[in-house]
Amino acid sequence: MRAVVYDTIGGTPAVLDVPVPAAPDGGVVVRVQATGLCRSDWHAWAGHDEIALPHVPGHELAGVVAEVGAGVENWTVGDRVTVPFVCGCGTCEWCLRGEAQVCPDQQQPGFTHWGSFAEYVALHAADTNLVAIPESVSFEAAASLGCRFATAYRGLVGRARIAPGEWVAVVGAGGVGLSTVMIATALGARVVAIDRNPAALDVARSLGADHVLEADGRDIPAAVHELTGGGAHVSVDAVGSEQTCADAIHSLRRRGRQVQIGLLPPVEGHPRVPMARVIAWELDLLGSHGMAAVDYPGMLALIESGALRPDRLIERVVDLEEAARMLPTFDRATPAGMTLIDSQRG
(Lines give C-alpha, C1' and ligand atoms only; values in the text may rest on other atoms or scores of the structure.)
Protein backbone atom coordinates (compact mmCIF):
# COMPACT_ATOMS: atom_id res chain seq x y z
CA MET A 1 0.00 0.00 0.00
CA ARG A 2 0.99 3.67 -0.33
CA ALA A 3 1.57 5.61 2.88
CA VAL A 4 3.17 8.82 4.15
CA VAL A 5 6.30 7.80 6.07
CA TYR A 6 9.04 9.67 7.92
CA ASP A 7 12.06 7.97 9.47
CA THR A 8 13.51 10.75 11.65
CA ILE A 9 11.94 13.30 13.97
CA GLY A 10 11.52 16.47 11.94
CA GLY A 11 12.56 14.60 8.79
CA THR A 12 11.05 14.98 5.35
CA PRO A 13 7.94 12.80 4.93
CA ALA A 14 7.63 10.80 1.72
CA VAL A 15 4.98 8.61 0.10
CA LEU A 16 6.33 5.06 0.01
CA ASP A 17 5.12 1.56 -0.80
CA VAL A 18 4.90 -0.40 2.48
CA PRO A 19 3.24 -3.70 3.51
CA VAL A 20 -0.49 -3.74 4.21
CA PRO A 21 -1.03 -4.32 7.96
CA ALA A 22 -2.61 -7.52 9.27
CA ALA A 23 -5.64 -7.47 11.53
CA PRO A 24 -4.60 -7.96 15.18
CA ASP A 25 -6.51 -10.33 17.42
CA GLY A 26 -9.66 -8.50 18.46
CA GLY A 27 -9.04 -5.84 15.82
CA VAL A 28 -9.61 -5.03 12.18
CA VAL A 29 -7.97 -3.53 9.14
CA VAL A 30 -9.83 -0.59 7.61
CA ARG A 31 -9.50 0.60 4.02
CA VAL A 32 -9.13 4.34 4.58
CA GLN A 33 -11.58 6.46 2.57
CA ALA A 34 -10.80 9.79 4.28
CA THR A 35 -8.44 10.98 6.98
CA GLY A 36 -7.73 14.36 8.54
CA LEU A 37 -4.51 16.38 8.71
CA CYS A 38 -4.35 17.75 12.25
CA ARG A 39 -1.97 19.86 14.32
CA SER A 40 -1.52 16.82 16.59
CA ASP A 41 0.10 15.02 13.65
CA TRP A 42 2.59 17.88 13.44
CA HIS A 43 3.31 17.61 17.19
CA ALA A 44 4.31 13.95 16.75
CA TRP A 45 6.44 14.77 13.67
CA ALA A 46 8.17 17.54 15.67
CA GLY A 47 9.05 15.18 18.52
CA HIS A 48 6.50 16.28 21.12
CA ASP A 49 5.14 12.71 21.41
CA GLU A 50 6.96 9.42 21.79
CA ILE A 51 6.72 7.46 18.54
CA ALA A 52 8.64 4.57 17.02
CA LEU A 53 10.43 5.23 13.74
CA PRO A 54 9.84 4.87 10.85
CA HIS A 55 6.34 6.19 11.33
CA VAL A 56 3.06 6.68 9.46
CA PRO A 57 0.97 9.52 10.95
CA GLY A 58 -2.81 9.98 10.93
CA HIS A 59 -5.48 9.51 13.61
CA GLU A 60 -8.75 10.92 12.21
CA LEU A 61 -10.21 8.41 9.80
CA ALA A 62 -13.20 6.78 8.23
CA GLY A 63 -13.43 3.86 5.88
CA VAL A 64 -14.60 0.31 5.26
CA VAL A 65 -13.64 -2.80 7.23
CA ALA A 66 -11.35 -4.85 4.96
CA GLU A 67 -10.24 -7.63 7.34
CA VAL A 68 -11.51 -8.88 10.70
CA GLY A 69 -9.22 -10.36 13.32
CA ALA A 70 -9.87 -13.32 15.62
CA GLY A 71 -12.36 -12.68 18.41
CA VAL A 72 -14.20 -9.72 16.84
CA GLU A 73 -17.96 -10.15 17.35
CA ASN A 74 -19.68 -6.95 16.20
CA TRP A 75 -18.07 -6.12 12.85
CA THR A 76 -17.80 -7.69 9.42
CA VAL A 77 -16.00 -6.93 6.17
CA GLY A 78 -17.73 -4.09 4.34
CA ASP A 79 -18.97 -2.20 7.40
CA ARG A 80 -18.65 1.61 7.16
CA VAL A 81 -16.79 2.74 10.28
CA THR A 82 -14.95 5.49 12.05
CA VAL A 83 -13.04 5.39 15.32
CA PRO A 84 -12.03 7.76 18.15
CA PHE A 85 -8.37 8.72 18.05
CA VAL A 86 -8.01 7.15 21.51
CA CYS A 87 -8.71 3.41 21.29
CA GLY A 88 -9.23 1.75 24.67
CA CYS A 89 -8.05 -1.75 25.52
CA GLY A 90 -11.65 -2.86 26.16
CA THR A 91 -10.94 -4.70 29.42
CA CYS A 92 -9.75 -2.19 32.05
CA GLU A 93 -11.99 -0.49 34.61
CA TRP A 94 -12.15 2.74 32.60
CA CYS A 95 -13.14 1.00 29.37
CA LEU A 96 -15.74 -1.12 31.16
CA ARG A 97 -17.46 2.01 32.46
CA GLY A 98 -17.39 3.73 29.07
CA GLU A 99 -14.36 5.99 29.58
CA ALA A 100 -11.99 4.51 26.99
CA GLN A 101 -10.58 7.97 26.25
CA VAL A 102 -8.51 7.73 29.47
CA CYS A 103 -7.63 4.03 29.18
CA PRO A 104 -4.12 3.50 30.62
CA ASP A 105 -3.41 0.85 27.95
CA GLN A 106 -4.85 2.87 25.08
CA GLN A 107 -3.72 2.67 21.49
CA GLN A 108 -3.69 5.71 19.20
CA PRO A 109 -3.36 5.29 15.44
CA GLY A 110 -0.70 7.65 14.20
CA PHE A 111 1.02 7.73 17.59
CA THR A 112 1.37 4.35 19.32
CA HIS A 113 1.27 2.53 15.97
CA TRP A 114 1.12 3.35 12.27
CA GLY A 115 -1.80 5.57 11.38
CA SER A 116 -4.16 6.50 8.60
CA PHE A 117 -2.06 8.54 6.16
CA ALA A 118 -2.21 5.34 4.16
CA GLU A 119 -4.53 3.19 2.10
CA TYR A 120 -5.09 0.81 5.04
CA VAL A 121 -4.80 1.03 8.84
CA ALA A 122 -4.97 -1.58 11.61
CA LEU A 123 -7.16 -0.84 14.63
CA HIS A 124 -7.25 -2.59 18.00
CA ALA A 125 -10.13 -3.74 20.26
CA ALA A 126 -12.69 -3.24 17.50
CA ASP A 127 -15.75 -4.17 19.58
CA THR A 128 -14.87 -1.38 22.05
CA ASN A 129 -13.71 1.30 19.65
CA LEU A 130 -15.36 1.15 16.23
CA VAL A 131 -18.34 3.38 15.47
CA ALA A 132 -20.78 2.62 12.65
CA ILE A 133 -21.21 5.45 10.15
CA PRO A 134 -24.86 6.06 9.19
CA GLU A 135 -25.50 5.95 5.45
CA SER A 136 -26.52 9.62 5.54
CA VAL A 137 -23.07 10.66 6.84
CA SER A 138 -20.22 10.87 4.31
CA PHE A 139 -16.77 9.37 4.89
CA GLU A 140 -15.33 12.89 4.82
CA ALA A 141 -17.71 14.12 7.53
CA ALA A 142 -17.12 10.98 9.61
CA ALA A 143 -13.33 11.38 9.39
CA SER A 144 -13.64 14.90 10.77
CA LEU A 145 -15.28 13.52 13.93
CA GLY A 146 -12.47 11.33 15.23
CA CYS A 147 -10.32 14.02 16.81
CA ARG A 148 -11.37 17.63 16.46
CA PHE A 149 -15.15 17.49 16.27
CA ALA A 150 -15.62 14.75 18.88
CA THR A 151 -13.05 16.38 21.18
CA ALA A 152 -14.87 19.71 20.90
CA TYR A 153 -18.23 18.01 21.53
CA ARG A 154 -17.04 16.20 24.64
CA GLY A 155 -15.15 19.28 25.85
CA LEU A 156 -18.32 21.37 25.77
CA VAL A 157 -20.92 18.74 26.67
CA GLY A 158 -19.12 16.18 28.82
CA ARG A 159 -16.54 18.41 30.52
CA ALA A 160 -17.73 22.05 30.63
CA ARG A 161 -21.43 21.08 30.56
CA ILE A 162 -22.39 24.31 28.81
CA ALA A 163 -25.90 25.66 29.22
CA PRO A 164 -28.01 27.68 26.77
CA GLY A 165 -27.29 31.38 27.02
CA GLU A 166 -23.76 31.03 28.41
CA TRP A 167 -20.87 32.83 26.77
CA VAL A 168 -18.12 30.67 25.25
CA ALA A 169 -14.77 32.18 24.22
CA VAL A 170 -13.05 30.04 21.58
CA VAL A 171 -9.36 30.82 21.12
CA GLY A 172 -8.32 29.49 17.73
CA ALA A 173 -10.54 29.02 14.69
CA GLY A 174 -8.90 26.06 13.02
CA GLY A 175 -10.58 22.66 12.80
CA VAL A 176 -11.22 22.12 16.50
CA GLY A 177 -12.03 25.78 17.14
CA LEU A 178 -14.60 25.95 14.35
CA SER A 179 -16.06 22.65 15.57
CA THR A 180 -16.42 24.26 18.99
CA VAL A 181 -18.13 27.31 17.50
CA MET A 182 -20.60 25.13 15.58
CA ILE A 183 -21.41 22.88 18.54
CA ALA A 184 -21.72 25.70 21.09
CA THR A 185 -24.05 27.60 18.79
CA ALA A 186 -26.19 24.52 18.14
CA LEU A 187 -26.53 24.02 21.89
CA GLY A 188 -27.75 27.57 22.46
CA ALA A 189 -24.59 29.21 23.77
CA ARG A 190 -23.26 32.60 22.67
CA VAL A 191 -19.79 32.58 21.14
CA VAL A 192 -16.79 34.86 20.82
CA ALA A 193 -14.24 33.43 18.35
CA ILE A 194 -10.61 34.59 18.38
CA ASP A 195 -7.98 33.96 15.71
CA ARG A 196 -5.17 35.69 13.83
CA ASN A 197 -6.60 34.64 10.45
CA PRO A 198 -9.40 36.88 9.14
CA ALA A 199 -10.61 34.15 6.76
CA ALA A 200 -11.04 31.73 9.66
CA LEU A 201 -12.99 34.37 11.57
CA ASP A 202 -15.26 34.83 8.57
CA VAL A 203 -16.03 31.10 8.71
CA ALA A 204 -16.61 31.30 12.46
CA ARG A 205 -19.11 34.09 11.89
CA SER A 206 -20.88 32.05 9.22
CA LEU A 207 -21.15 29.17 11.70
CA GLY A 208 -22.92 31.32 14.25
CA ALA A 209 -20.28 33.15 16.30
CA ASP A 210 -21.85 36.25 17.87
CA HIS A 211 -18.55 38.15 17.86
CA VAL A 212 -15.12 37.60 16.31
CA LEU A 213 -11.81 39.09 17.43
CA GLU A 214 -8.65 39.21 15.38
CA ALA A 215 -5.56 38.43 17.46
CA ASP A 216 -3.60 41.39 16.17
CA GLY A 217 -1.83 42.53 19.33
CA ARG A 218 -4.90 43.82 21.14
CA ASP A 219 -5.74 42.84 24.72
CA ILE A 220 -7.93 39.83 23.89
CA PRO A 221 -9.16 39.10 27.45
CA ALA A 222 -10.19 42.72 27.96
CA ALA A 223 -12.12 42.66 24.69
CA VAL A 224 -13.88 39.42 25.68
CA HIS A 225 -14.82 40.84 29.08
CA GLU A 226 -16.31 43.92 27.40
CA LEU A 227 -18.28 41.93 24.82
CA THR A 228 -19.67 39.45 27.34
CA GLY A 229 -20.39 41.78 30.23
CA GLY A 230 -17.83 40.39 32.62
CA GLY A 231 -16.12 37.47 30.90
CA ALA A 232 -16.98 34.14 29.33
CA HIS A 233 -18.58 31.37 31.37
CA VAL A 234 -16.52 28.85 29.37
CA SER A 235 -13.30 29.30 27.42
CA VAL A 236 -11.63 26.85 25.07
CA ASP A 237 -7.97 26.93 24.06
CA ALA A 238 -8.19 25.24 20.67
CA VAL A 239 -4.57 26.02 19.71
CA GLY A 240 -2.22 25.04 22.52
CA SER A 241 0.40 27.68 23.28
CA GLU A 242 1.43 29.70 26.31
CA GLN A 243 -0.27 32.80 24.87
CA THR A 244 -3.53 31.16 23.80
CA CYS A 245 -3.88 29.28 27.09
CA ALA A 246 -3.31 32.49 29.06
CA ASP A 247 -5.75 34.45 26.88
CA ALA A 248 -8.42 31.76 27.34
CA ILE A 249 -8.01 31.71 31.12
CA HIS A 250 -7.97 35.50 31.47
CA SER A 251 -11.09 35.74 29.27
CA LEU A 252 -13.16 33.92 31.90
CA ARG A 253 -15.45 35.47 34.46
CA ARG A 254 -15.11 34.43 38.09
CA ARG A 255 -15.94 30.73 38.66
CA GLY A 256 -15.58 30.11 34.92
CA ARG A 257 -14.54 26.86 33.24
CA GLN A 258 -11.51 26.53 30.97
CA VAL A 259 -11.33 23.58 28.55
CA GLN A 260 -7.79 22.84 27.38
CA ILE A 261 -7.90 21.02 24.03
CA GLY A 262 -4.76 22.29 22.28
CA LEU A 263 -1.58 20.51 23.35
CA LEU A 264 0.81 22.69 25.36
CA PRO A 265 4.49 22.19 24.45
CA PRO A 266 6.71 22.83 27.48
CA VAL A 267 8.54 26.13 27.94
CA GLU A 268 11.81 25.67 29.83
CA GLY A 269 10.64 22.20 30.82
CA HIS A 270 7.08 23.04 31.85
CA PRO A 271 3.98 24.57 30.29
CA ARG A 272 3.41 27.94 31.96
CA VAL A 273 -0.18 28.60 33.01
CA PRO A 274 -1.52 31.70 34.89
CA MET A 275 -2.38 29.77 38.06
CA ALA A 276 -2.70 32.92 40.19
CA ARG A 277 -5.88 33.83 38.28
CA VAL A 278 -7.11 30.22 38.46
CA ILE A 279 -6.81 30.23 42.26
CA ALA A 280 -8.07 33.75 42.96
CA TRP A 281 -11.15 33.47 40.72
CA GLU A 282 -11.84 29.79 41.50
CA LEU A 283 -11.64 28.76 37.89
CA ASP A 284 -12.02 25.15 36.75
CA LEU A 285 -9.33 23.82 34.40
CA LEU A 286 -10.67 20.90 32.37
CA GLY A 287 -8.65 18.64 30.12
CA SER A 288 -10.45 17.08 27.17
CA HIS A 289 -8.85 14.07 25.49
CA GLY A 290 -11.20 12.91 22.79
CA MET A 291 -14.43 10.97 23.25
CA ALA A 292 -15.14 7.27 23.75
CA ALA A 293 -17.08 5.34 21.10
CA VAL A 294 -19.99 4.79 23.51
CA ASP A 295 -20.61 8.57 23.56
CA TYR A 296 -20.87 8.93 19.77
CA PRO A 297 -24.61 8.20 19.39
CA GLY A 298 -25.74 11.54 20.83
CA MET A 299 -23.41 13.46 18.54
CA LEU A 300 -24.33 11.36 15.50
CA ALA A 301 -28.03 11.91 16.20
CA LEU A 302 -27.49 15.68 16.02
CA ILE A 303 -25.58 15.24 12.76
CA GLU A 304 -28.29 13.05 11.21
CA SER A 305 -30.94 15.61 12.25
CA GLY A 306 -29.02 18.40 10.53
CA ALA A 307 -28.43 20.34 13.77
CA LEU A 308 -24.69 19.77 13.34
CA ARG A 309 -22.97 19.87 9.93
CA PRO A 310 -19.31 18.81 10.27
CA ASP A 311 -19.03 18.72 6.46
CA ARG A 312 -19.22 22.54 6.51
CA LEU A 313 -15.85 22.57 8.28
CA ILE A 314 -13.97 20.84 5.44
CA GLU A 315 -11.83 23.44 3.69
CA ARG A 316 -9.98 21.21 1.24
CA VAL A 317 -9.22 17.61 0.28
CA VAL A 318 -5.66 16.66 -0.75
CA ASP A 319 -3.83 13.48 -1.79
CA LEU A 320 -1.04 11.70 0.09
CA GLU A 321 1.73 13.56 -1.76
CA GLU A 322 0.29 16.94 -0.82
CA ALA A 323 -0.22 15.77 2.76
CA ALA A 324 3.46 14.80 2.97
CA ARG A 325 4.44 18.30 1.81
CA MET A 326 2.03 20.01 4.20
CA LEU A 327 2.84 18.12 7.42
CA PRO A 328 6.16 19.88 8.31
CA THR A 329 4.59 23.34 7.97
CA PHE A 330 1.25 22.67 9.62
CA ASP A 331 2.13 24.59 12.79
CA ARG A 332 2.41 27.73 10.62
CA ALA A 333 -0.65 27.06 8.48
CA THR A 334 -3.72 29.25 8.79
CA PRO A 335 -6.51 26.99 7.56
CA ALA A 336 -10.08 28.26 7.74
CA GLY A 337 -11.33 24.76 8.48
CA MET A 338 -10.20 21.16 8.19
CA THR A 339 -7.86 19.60 5.65
CA LEU A 340 -8.80 16.02 4.70
CA ILE A 341 -6.73 13.46 2.81
CA ASP A 342 -8.09 11.11 0.17
CA SER A 343 -5.58 8.29 0.51
CA GLN A 344 -7.09 6.40 -2.43
CA ARG A 345 -6.46 9.29 -4.82
CA GLY A 346 -3.47 9.16 -7.15
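What you see below is based on every heavy atom in this structure, not just the backbone, and it leaves out hydrogens, waters and symmetry mates. Note that the structure is a prediction, hence the values are computed from the model and not measured.
Around CD of Glu226, the count of heavy atoms belonging to other residues, nucleotides or ligands within 6.0 Å does not exceed 12. Residue Glu93 qualifies as enclosed at atom CD: its count of foreign heavy atoms under 6.0 Å is above 12. Arg218 CZ: more than 12 foreign heavy atoms inside a 6.0 Å radius.
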Between Glu166 and Val234, does a side chain to side chain contact (heavy atoms under 4.5 Å, CB included) hold up when you go through it step by step? CA-CA 8 Å; Glu166 288 191 315; Val234 175; 4.3 Å; yes
Test ring pair (Phe, Tyr, Trp, His ring centres under 6.0 Å) on His48 and Trp42; report intermediate values, then the result. CA-CA 9 Å; His48 301 154; Trp42 175 86; 5.4 Å; yes
Go through the steps to decide whether Tyr120 and Glu67 satisfy the test side chain to side chain contact (heavy atoms under 4.5 Å, CB included), and finish with yes or no. CA-CA 10 Å; Tyr120 294 88; Glu67 182 187 352; over 6 Å; no
Going through the checks in order, is the side chain to side chain contact (heavy atoms under 4.5 Å, CB included) test met by Val56 and Val121? CA-CA 10 Å; Val56 175; Val121 63; over 6 Å; no
Between Asp17 and Arg2, does a side chain to side chain contact (heavy atoms under 4.5 Å, CB included) hold up when you go through it step by step? CA-CA 5 Å; Asp17 288 321; Arg2 298 166 66 247; 3.5 Å; yes
Working note: Gln33 + Arg80, criterion side-chain hydrogen bond (donor to acceptor under 3.5 Å, both in side chains); need CA distance, chi angles, decisive distance, verdict. CA-CA 10 Å; Gln33 298 295 134; Arg80 304 172 79 248; over 6 Å; no
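When every heavy atom of Ala34 is checked against every heavy atom of Phe139, the shortest pair comes out as CB-O, 3.8 Å. Nearest heavy-atom pair, Trp45 versus Ile9, reported as atom, atom and distance to 0.1 Å: O-CG2, 3.5 Å. Here the closest non-hydrogen pair linking Gly90 and Leu96 is O-CD2, 3.8 Å. Among all heavy-atom pairs drawn from Val318 and Thr339, the shortest one is CG2-CG2, 4.1 Å. In plain terms, the two heavy atoms of Ala122 and Pro24 that are nearest each other are CB-CD, 4.2 Å. The nearest pair of heavy atoms linking Cys89 to Cys103 is N-SG, 3.3 Å.
Summarising the hydrophobic clusters (Ile, Leu, Val, Met, Phe, Trp, Tyr; side-chain heavy atoms under 4.5 Å, direct or chained), the residues clustered with Val212 are Leu201.
Looking at Ser144, its side chain does come within 3.5 Å of a backbone N or O of Ala141 through a donor-acceptor pair. Between the side chain of Ser343 and the backbone N or O of Val32, at least one donor-acceptor pair lies under 3.5 Å.
For Asn129 and His124, the side-chain atoms include no donor-acceptor pair closer than 3.5 Å. A donor-acceptor pair shorter than 3.5 Å can be found between the side chains of Gln258 and Ser235.
Arg39 places a side-chain heavy atom less than 4.5 Å from the side chain of Asp331. At least one side-chain heavy atom of Met326 sits less than 4.5 Å from a side-chain heavy atom of Arg316. The shortest distance between side-chain heavy atoms of His233 and Arg253 falls below 4.5 Å. Counting heavy atoms from C-beta on, the side chains of Val72 and Asp127 come closer than 4.5 Å. Put simply, the side chain of Met299 does not reach to within 4.5 Å of the side chain of Ile183, judged on heavy atoms. Residues Leu145 and Pro310 have side chains in contact (heavy-atom distance under 4.5 Å, counting atoms from C-beta outward). You'll find the side chain of Phe117 reaches within 4.5 Å of the side chain of Leu37, heavy atoms only. Between Ile194 and Val224, some side-chain heavy-atom pair lies under the 4.5 Å cut-off.
Leu187 and Ile303 fall within a single hydrophobic cluster, where Ile, Leu, Val, Met, Phe, Trp and Tyr side chains are chained together by heavy-atom contacts under 4.5 Å. A chain of hydrophobic side-chain contacts below 4.5 Å, direct or via other Ile, Leu, Val, Met, Phe, Trp or Tyr residues, connects Trp114 to Leu327. A chain of hydrophobic side-chain contacts below 4.5 Å, direct or via other Ile, Leu, Val, Met, Phe, Trp or Tyr residues, connects Met182 to Val168. Hydrophobic clustering of Ile, Leu, Val, Met, Phe, Trp and Tyr side chains at less than 4.5 Å, counting indirect connections, keeps Val131 apart from Val81. Taking hydrophobic clusters as Ile, Leu, Val, Met, Phe, Trp and Tyr residues chained together by side-chain heavy-atom distances below 4.5 Å, Val176 does not share a cluster with Phe85.
In this structure, OG in Ser206 is found 8.0 Å from CG in Leu178, a value given to the nearest 0.5 Å.
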